[in-house]
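Everything numeric here is computed off the predicted structure, so don't read it as measured data. Chain A is the first sequence line, chain B the second, and so forth, proteins listed ahead of strands; every chain is numbered from 1. Below, all heavy atoms of this structure are taken into account, side chains as well, without hydrogens, waters or symmetry copies.
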Amino acid sequence: MEKMRLRFAPSPTGALHIGGVRTALYNYLLAKKHGGTFILRIEDTDQTRYVPGAEAYIKEALEWFGLLPDEGPGYGGAHGPYRQSERKERYQEYTAQLVESGHAYYAFDTSDELAAAREKDPNFKYDAGARRQMKNSLSLPEEEVKRLLSEGGGHVIRLKVPENETIVFQDKIRGQVAFDSNELDDKVLLKADGMPTYHLANVVDDRLMEVTHVIRGEEWLSSTAHHVLLYRAFGWEGQMPAFAHLPLILRPDGKGKLSKRDGARFGFPVFPLSWQGETEEDSFTGFREYGFLPEAAINFLALLGWNPGTEQEIFSLEELVEAFSVERINKSGTRFDIDKAKWFNQQYIIKADTDYLLEKVKPVIAAHGYEPGDDFLRGFIELMRERAVTLGEFWENGYFFFEEPRDYDPKMVRKRWDSGRKALFDELAGQLEGLDNFTADSIKARTEAFIQEKGLKFGEVLPMLRLGVAGTMQGPALFEMMELLGRAEVARRLRKAFHQFNELI
RNA sequence: GGCCCGUUCGUCUAGGGGUUAGGACGCAGGAUUUUCAUUCCUGAAACACGGGUUCGAUUCCCGUACGGGCUGCCA
């Protein structure tokens with residue numbers, strides 16, 4: 001079998017939405033599983049929607065996830081250029097060929113005329129019937145066509161959809177799909193500005209780039225019949241790629257496909273990386289900045305619409321490549337479930353290699369102005385990893401490793417603190433400070449002995465120590481936390497806390 | 001409206017003519033833990049509806065309902 005070639009073909013109109021990342025992932029997985037090629041192609045044919053920085057964003061996102069293109073702008077490859085804006089002449093040549101062979105025609109209708117037609121008939125469709133009424137090279141006298149063409153007043157080229165045909169194609173996910181050609185409109189192939197539309201460009205480029213499989217979102221299913229017609233018109237039907245239309249990723253509340261505004265609406269990311277648009281409305285927090293590990297996000301995305309048929313849930317990228325198959329992609333739309341995504345992230349944080357996590361956590365802590373040594377950070381990570389669902393929570397739930405507690409859980413203090421015992425607790429603090437070795441074991445031993453000597457109960461002492469050191473009842477193993485913080489810091493915090501406790505009750 | 005696609009616990013899903021319809025997230029309860037978290041155990045929770053086909057349909061077929069996509073000189 002020929003070598004598999006798959007492409008991810010986003011449009012650089014802004015930040016890459018998470019559904020696009022999943023499409024890229026599935027393309028990548030299929031390509032890699034069969035030793036094929038993963039291509040990145042930038043579909044920048046709409047000059048009015050071009051957004052500077054979007055292409056760089058797309059690349060950065062793919063790289064963050066580890067989905068490196070084998071070919072693409074900046075990645076090399078023998079089928080370039082990989083930006084459609086740089087292939088403009090080709091499309092013009094190919095449409096000319098189509099006009100020549102009678103599969104396409106010039107249309108001179110202005111936007112206003114088209115709008116008027118749609119106004120008059122809400123169901124207006126530029127089909128065989130309308131074709132005869134409108135201004136185009138099929139309805140106008142030859143002279144008139146020549147004149148309009150030479151005047152250069154602007155025209156488009158449309159596909160001439162044949163009448164009374166059933167267009168059938170096989171979708172790898174949905175099976176056989178059929179369309180009646182009479183339902184299809186004469187799609188614009190080449191716009192007045194000389195740029196191709198998606199329909200033309202994707203067909204021409206997929207052929208020229210020798211793409212063998214097209215995995216894309218379900219929103220393209222309806223126009224696939226047009227694409228099939230184009231392959232036929234070009235005489236490429238034998239080399240037509242296999243199609244697989246992915247189920248859409250739906251909003252959490254089940255109303256429509258997930259859109260970029262949903263991130264803000266629901267309070268979680270729907271983009272891989274943060275994006276700074278021109279307005280706040282157009283700016284988003286990404287999975288990366290939200291504190292996701294790329295491996296976890298990939299794992300989550302992979303299972304959104306695909307399953308391995310086993311009960312395994314945790315997959316590395318390599319394992320996904322191994323296990324993936326188009327046959328096991330689902331047909332129905334998939335709700336985006338942030339809780340499941342967070343669970344994956346938590347699992348990855350728990351299992352991650354400490355030094356790997358160190359590199360991820362370091363900037364989070366540094367962002368708050370602290371740059372402790374790696375050994376301290378490693379200890380911190382070990383104590384906190386089971387308590388952080390996102391990287392940000394290393395700070396949010398463990399900030400007291402770096403600075404004094406902001407406050408002491410007042411409810412707990414009132415419940416457990418006995419002001420008459422301040423001297424007793426100060427004595428304990430002194431004993432701990434005087435320990436030969438300030439290790440978790442010895443702190444524990446000394447504390448337990450103290451409790452026994454004074455006839456106290458664990459529940460009367462331990463919560464006060466925890467509160468004194470961390471300010472909260474939620475945190476890692478007390479004695480290990482104390483060891484990591486160190487003798488002086490612990491002694492200082494305890495004395496201060498015991499003093500404050502008296503004022504809190 | 002027209003065309004196309006879809007429909008198993010709240011969510012992601014497995015399964016498939018005869019099953020106690022399985023798992024995961026979330027939720028509830030419990031165990032472990034000096035706290036929290038982790039981990040473990042338990043529980044509640046689903047085949048959209050109506051017709052066929054069949055000895056038997058959640059599974060196959062047809063309708064209906066519901067959901068989604070497309071319907072641009074956007075992708």
Has A:Arg207 got its NZ or CZ under 6.0 Å from the middle of the six-membered ring of A:Tyr231, at an angle within 45 degrees of the ring axis?
no
Any donor-acceptor pair under 3.5 Å between the side chain of A:Arg387 and the base of B:rC36?
yes
Give the ring-plane orientation class for A:Trp417 versus A:Phe425, where under 30° counts as parallel, over 60° as perpendicular and anything between as tilted.
tilted
Whether A:Phe501 and A:Tyr408 hold their rings parallel, tilted or perpendicular, with breakpoints at 30° and 60°
perpendicular
In terms of side-chain heavy atoms, does A:Gln474 have a donor or acceptor partner in A:Asn397 at a distance below 3.5 Å?
no
Between [X] ([atom1]) and [N] ([atom2]), how many Å, whole number?
{"X": "A:Met384", "N": "B:rU35", "atom1": "CE", "atom2": "P", "value": "17 Å"}
{"X": "A:Glu460", "N": "B:rU34", "atom1": "CD", "atom2": "P", "value": "17 Å"}
{"X": "A:Arg216", "N": "B:rG69", "atom1": "CZ", "atom2": "P", "value": "17 Å"}
{"X": "A:Lys411", "N": "B:rU35", "atom1": "NZ", "atom2": "P", "value": "17 Å"}
{"X": "A:Leu159", "N": "B:rC73", "atom1": "CG", "atom2": "P", "value": "13 Å"}
{"X": "A:Trp220", "N": "B:rU71", "atom1": "CH2", "atom2": "C1'", "value": "13 Å"}

Does A:Arg158 have a side-chain nitrogen or oxygen under 4.0 Å from the phosphate oxygens OP1 or OP2 of B:rC73?
yes
Result of checking A:Arg131, A:Arg158, A:His226, A:Lys125 against A:Asp185 for side-chain hydrogen bond (donor to acceptor under 3.5 Å, both in side chains):
A:His226
Listed pairs, N/O of protein and of nucleotides 2-6 of chain B, under 3.5 Å:
residue, atom, partner, partner atom, Å
B:rG2, O2', A:Glu183, OE1, 3.3
B:rC5, O2', A:Arg174, NH1, 2.4
B:rC5, O2', A:Glu218, OE2, 3.2

Any chance the rings of A:Phe300 and A:Phe336 have centres within less than 6.0 Å?
yes
Less than 6.0 angstrom separating the ring centers of A:Trp306 and A:Phe324, yes or no?
yes
Salt bridge check: are A:Lys340 and A:Asp337 linked by an N-O gap of less than 4.0 Å?
no
Heavy-atom contacts, protein to nucleotides 21-32 of chain B, under 4.0 Å, summarised as B (base), S (sugar-phosphate only) or - (none) per nt, yield -SSBS-------
